[in-house]
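Atoms considered below: every heavy atom in the structure, side chains included; atoms not considered: hydrogens, waters and symmetry mates.
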Amino acid sequence: MNKLRLAIVRQKYRPDGGAERFISRALEALDSEQLDLNIITRSWQGTPNPAWHLHICNPAKLGRISRERGFARAARACWEQQQFDIVQSHERIAGCDIFRAGDGVHRVWLEQRARIVSPWQRLSATLSPYHRYVLQAEADMFNAASLKAVICNSEMVKQDILRNFALDASKIHVIHNAIDSKRFQPATAELRHAARHQLDLPQNASVMIYVGSGFERKGLKAAIEAVAESDRYLIIVGQDKQLSRYQQLANQLNCLNRMRFVGVQQDVQPLYHAADALLLPTLYDPFPNVVLEAMACGLAIITSTGCGGAEFVRDGEEGFVCDALDTSALNRAVLAVPALSEDDTMGCAARRRVEPYGPERLATALTSLYQHVLSQR
């Protein structure tokens, strides 16, 4: 039997990115005798599996639109020349067989962002040539006759696509990200003690953790405001150019002494082990991997209606779901989550919810989808 020649398109591969972790978990799970795996990318950081074939498409770029348009043309030329059996794009490029909507729907993100920016910034986004380019590229890709399937990592994104594009619902497949719940484990009392000691956190305090770079979109302002009105502590993992603005906010709200800004971390698990719950009031996030990781570590989840991960959370069971900007509801949720050392019911429920979502499940779903797409040729 001939090998299936699968091409995966991702402009810039960063090992710590959510889309990239989906790709690497999927590729490792799919790496078999039947598959010939190809990556079309502008640049690849880290060491790829020697069995994968890299196709570097790195045309010159002069600004954001030129970067996007140039890569789209080069990637399409590459896959047309190579004649792959299936092209799965993680970028908005018309002509692919499968699109993975890992970033959700750009129009919906702009609608959500409009809730927190000034009227001038809203106007600027409306007139922005870059946003216009992305909206057009997205529409062209969803309307292309060649598109056979869309992978969403949450039901929320599926509904966003159906609401905004005339796409047949049968083409949209919800395939949740994988989590290795053998690797991500709840903390033992000793691990929790050590993790808190490292961060200078009181052993008996109730501690929230926020994980995500790009603080505006991920809702750090709302997270700080929700914690400020309590005695809780907050670990902040991630980076942002406006970091000092958030430190100043915490200082103004008299809670900077309860904040732990720790920057980007290669391994977040020890930090999950210091916490009792994940607090992620993100404005718009298709399904952040950090939700799965935190749940596998036995943490309750406080997140927003704009987070795809909310579909894994029942109020009062695995955590709480609030509007991203409703700081009083977020504050009530922060106060309602018990310390794990006192009551781990929510944390245990969270771990049970994600345990079935291992790499094997992802591989089975993808293999089945690829067979379905091939049968349509």
Side-chain angles (χ1 to χ4, degrees), residues 8-14 17-20 22-23 40-43 57-79 87-147 149-154 156-167 171-172 212-218 240-241 282-288 306-308:
I8 292 196
V9 183
R10 180 66 170 171
Q11 181 164 188
K12 192 175 177 188
Y13 185 96
R14 278 184 18 250
E20 289 78 3
F22 173 89
I23 293 170
I40 300 174
T41 185
R42 190 185 275 279
S43 68
C57 295
N58 190 19
K61 53 187 186 288
L62 300 158
R64 292 203 291 178
I65 296 174
S66 151
R67 179 191 68 199
E68 299 299 313
R69 185 177 280 134
F71 178 74
R73 285 176 179 158
R76 196 181 301 114
C78 172
W79 81 56
V87 175
Q88 175 180 313
S89 182
H90 291 240
E91 309 290 347
R92 301 171 177 97
I93 304 174
C96 57
D97 300 295
I98 299 173
F99 173 64
R100 181 174 183 267
D103 296 325
V105 174
H106 195 67
R107 187 181 301 168
V108 178
W109 155 235
L110 291 177
E111 286 166 4
Q112 288 299 322
R113 183 173 176 269
R115 298 175 64 201
I116 60 161
V117 298
S118 67
W120 163 245
Q121 286 171 302
R122 281 200 292 276
L123 178 63
S124 172
T126 306
L127 300 175
S128 156
Y130 172 73
H131 288 309
R132 288 183 169 194
Y133 171 82
V134 175
L135 291 168
Q136 189 59 55
E138 189 169 67
D140 291 346
M141 192 264 315
F142 278 122
N143 294 329
S146 54
L147 186 68
V150 176
I151 299 172
C152 298
N153 55 6
S154 65
M156 177 187 85
V157 173
K158 177 179 178 176
Q159 296 308 321
D160 289 344
I161 292 169
L162 290 173
R163 201 169 59 247
N164 285 282
F165 302 97
L167 198 68
K171 284 189 172 182
I172 306 178
S213 294
F215 294 163
E216 179 188 72
R217 180 165 77 93
K218 300 275 185 177
D240 192 281
K241 289 175 189 156
T282 179
L283 265 177
Y284 185 64
D285 220 326
F287 198 138
C307 174

- Backbone N/O of Phe99 and side chain of Gln88: donor-acceptor pair under 3.5 Å: no
- Strictly by modelled atom types, are Asp160 and Tyr284 linked by a side-chain donor-acceptor pair under 3.5 Å? yes
- Query: Sequence neighbours excluded, which residues qualify as side chain to side chain contact (heavy atoms under 4.5 Å, CB included) partners of Ile161?
  - Reply: Ala101, Val105, Phe142, Val150, Cys152, Val157, Phe165, Leu167, Ile172
- Between SG on residue Cys57 and CD1 on residue Ile40, distance to nearest 0.5 Å: 6.0 Å
- Message: Just so I know, are the side chains of Val87 and Ile98 near enough to count as touching, which here means a heavy-atom distance under 4.5 Å?
- Response: no
- Between the main-chain N or O of Arg10 and the side-chain N or O of Thr41, is there a donor-acceptor pair closer than 3.5 Å? yes
- Query: Is there a donor-acceptor pair closer than 3.5 Å between any side-chain N or O of Asp285 and the backbone N or O of Cys307?
  - Reply: no
- Message: Quick check for you: to the nearest 0.5 Å, what is the distance between Phe71 atom CZ and Glu91 atom CD?
- Response: 6.0 Å
- Task: Of all the heavy-atom pairs spanning Gly95 and Ala144, show the shortest one and how long it is.
- Result: N-CB, 4.2 Å
- Item | Distance in Å, Leu110 CG paired with His131 NE2, rounded so as to fall on 0.5 Å steps | 5.0 Å
- Calculate, to the nearest 0.5 Å, the distance between atoms CD and CZ belonging to Glu111 and Arg107 respectively. 7.5 Å
All N/O donor-acceptor pairs, side-chain side in residues 58-66, below 3.5 Å, sequence neighbours left out:
residue : atom : partner : partner atom : Å
Asn58   : OD1  : Arg42   : NH1          : 2.9
Ser66   : OG   : Leu62   : N            : 2.8

- Keeping the roles fixed (side chain from Ser146, backbone from Asp97), state whether a donor-acceptor pair exists under 3.5 Å. no
- Exercise: identify the closest heavy-atom pair between Pro286 and Gly102: CG-O, 3.2 Å
- Do any N or O atoms from the side chain of Asp240 and from the backbone of Ser213 form a donor-acceptor pair under 3.5 angstrom? no
- Query: To the nearest 0.5 Å, how far apart are CZ in Arg92 and CE in Met141?
  - Reply: 7.0 Å
- Would you say the side-chain atoms of Arg100 pair up with the backbone N or O of Ile151, donor to acceptor, closer than 3.5 Å? no
- Message: Any side-chain to backbone donor/acceptor pair from Thr282 onto Arg217? Under 3.5 Å, distance only.
- Response: yes
- Item | Distance-only polar pair, side chains of Gln121 and Ser124, donor-acceptor under 3.5 Å | no
- Task: Quick one: pull up CD1 in Ile116 and CD in Glu216 and give me the separation to the nearest 0.5 Å.
- Result: 4.0 Å
- Task: Identify, with sequence neighbours excluded, every residue that meets side chain to side chain contact (heavy atoms under 4.5 Å, CB included) alongside Glu68.
- Result: Gln11, Tyr130, Tyr133
